[in-house]
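Just follow the structure's listing: the first ligand is 1, and inside any ligand the first atom is 1. Scope of the values below: all heavy atoms of this structure, side chains included, with no hydrogens, waters or symmetry mates.
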Amino acid sequence: MSVTAIKGMNDILPGEVETWQFLEQSAREVFGLYGFAEIRTPVPEKTELFCRSIGETTDIVEKEMYTFEDKSGNSLTLRPEGTAPVMRAFIQNKLHNLDPVSKLYYLGPMFRYERPQKGRYRQFHQLGAEVLGVEDAKIDAQLLAMLHQYFVHIGIENVSLQVNSLGCPVCRPDYRQQLIDYLASRLNSLCPDCQRRYLTNPLRVLDCKAQGCKAATVDAPAVIEHLCTECDSHFSQVKGYLDQLAIPYSVNARMVRGLDYYVRTTFELVTDQLGSQNAVAAGGRYDGLVESLGGPAVPGIGFAIGLERLVLLKGEAKIAAASPQLFIAAIGAEAADRAFVLMSQLQQAGVRAEMDYLGKSLKAQMRRANKLHAAFTLIIGEEELQSGRAQLKDMSDSSQSAVELDNLAIELVAKFD
Ligand code: HAM
């Protein structure tokens, strides 16, 4: 039996990869407008990094991490998300000394041992952005404006932005206790998972998909009704700036997010087109995270977009691979040698050129030129070798013009300029 890929981990094949490249290139363009620079971190990190940042009682850390020991007995984990590694790199490389504000973006594979289904995989790709050093609500709105602009740029419109505030270490403990008291009085209606975690991670109960938990928490206290004055005013400012920038949003008071590091602003971009995997992008503020990982007291906010989900949303609007500008068909071995050198010269001059490598008949070569959607074709046989001239055929209207083989590169470069 042949070896197959690991369950929940996908190949991205030619024909699909063009959509990925378009999404990635668009991100570089749009994020560049907002002053973001790319950062690349290793795929594995010390396991401790994720336990300390994402939180010991989260689903990710409890059940979903790809954790293993290396040959020296160190516990390593394939990154399940990008924020913690970026914070680690920020602290380790003292990026705060270079600039009081760091705007960083990243793009790459993440790993979570989840049950695979449409839009949910074990290796998936995130396109993320993080801003470090700004507490002002303007940056929350800026980041959401950038996310909005990116979605407009890539032509995905059927998504909506939901925002919430999760408070801070001043106001959340009170709220948390109220929620625990509320849940304690309805314990029998909760699913076994929530009965187990309502004391350690009560906010997660609000996010549980089980019908019983949903019903039992309809009237649960909402965190935005229990914010301290500072958090309340920060959230009002975020909403005010979003209104000023004409970014559409709605407040979802039940949004809690599945990672423990969030404070204040949290948000999700959701769609109704992907079944239960409805979050295309998500993020929020994590003031305090850098400090808790041993760095300076620097506030932070960011988001990550799930690229597989974007590709699914892009759906049928496939982006075509670049087709050859010239296909050279050759008759006979000597002509094939000449065609080979000509093709290489053209490629070096910046022309996308192709030929046949399989010794096919002229008819088969022309069929291939058509299949590849070559813009021009050129046939080289004995006569063309002797005269040094050939007919360049424009495949769009079948018109022909004579060209000197020695001048081919110059002529073609001029045509495609
Ligand atoms: P997250 O909500 O865990 O947040 O993931 C962000 C996005 O990644 C999701 O909205 C989804 O589109 C995609 N995603 C997550 N898990 C999977 C999966 N198994 N398969 C396919 N796509 C998936 C974070 O990861 C935070 N680090 C975001 C953030 C950045 N917060 C602040 N800065």
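Comparing A279, A281, A282 by heavy-atom distance to atom 12 (O) of ligand 1, the nearest is A279.
Residue-level proximity to ligand 1 for Y113 is absent, since no heavy atom of it falls below 4.0 angstrom. Here Q126 has side-chain heavy atoms under 4.0 Å from ligand 1, and that is the only part of it that gets that close. Residue contacts with ligand 1 for P80 are absent, since no atom lies close enough (heavy atoms, distance under 4.0 Å). At a heavy-atom cutoff of 4.0 Å, ligand 1 is contacted by both the backbone and the side chain of R120.
The two residues A335 and I331 have their closest heavy-atom pair at CB-O, 3.3 Å.
Between E308 and ligand 1, no N or O atom pair is found at a separation short of 3.5 Å. Residue Y286 places no N or O, backbone or side chain, under 3.5 Å from any N or O of ligand 1. Where the criterion is an N or O separation shorter than 3.5 Å, residue side chain and backbone included, V280 meets it with respect to ligand 1.
Atom 30 (C) of ligand 1 has its closest protein heavy atom at T83 OG1, 3.0 Å. Of all protein heavy atoms, the one closest to atom 33 (N) of ligand 1 is E130 OE1, 2.8 Å. Protein heavy atom nearest atom 13 (C) of ligand 1, with residue, atom name and distance: G306 CA, 3.6 Å. Ranking the protein heavy atoms by distance from atom 1 (P) of ligand 1 puts R257 NH2, 3.5 Å first.
The shortest heavy-atom distance from G258 to ligand 1 is not under 4.0 Å. Residue R112 places a heavy atom less than 4.0 Å from ligand 1. Distances shorter than 4.0 angstrom do not occur between any heavy atom of A84 and any atom of ligand 1. For the ligand labelled ligand 1, residue M110 lies outside the 4.0 Å heavy-atom shell.
In summary, the aromatic rings of F31 and Y105 are positioned with their centroids under 6.0 Å apart. A ring-centre distance under 6.0 Å is not found for F376 and F327.
Using a 4.0 Å cut-off between charged nitrogen and carboxylate oxygen, K63 and D193 count as a salt-bridge pair. At a threshold of 4.0 Å, the pair R285-D140 counts as salt-bridged, since one of the basic side-chain nitrogens sits closer than that to a carboxylate oxygen. Between E38 and R40, at least one side-chain N (NZ, or NE/NH1/NH2) sits under 4.0 Å from a carboxylate O, which counts as a salt bridge.
Remark: ligand 1 atoms within the under-4.0 Å shell around heavy atoms of E81 are 25 (O), 26 (C), 27 (N). Taking every heavy atom of G119 and a limit of under 4.0 angstrom, the matching atoms of ligand 1 come to 20 (N), 21 (C), 22 (N). Taking a cut-off of under 4.0 Å to the non-hydrogen atoms of F303, the atoms of ligand 1 that pass are 29 (C), 30 (C), 32 (C), 33 (N).
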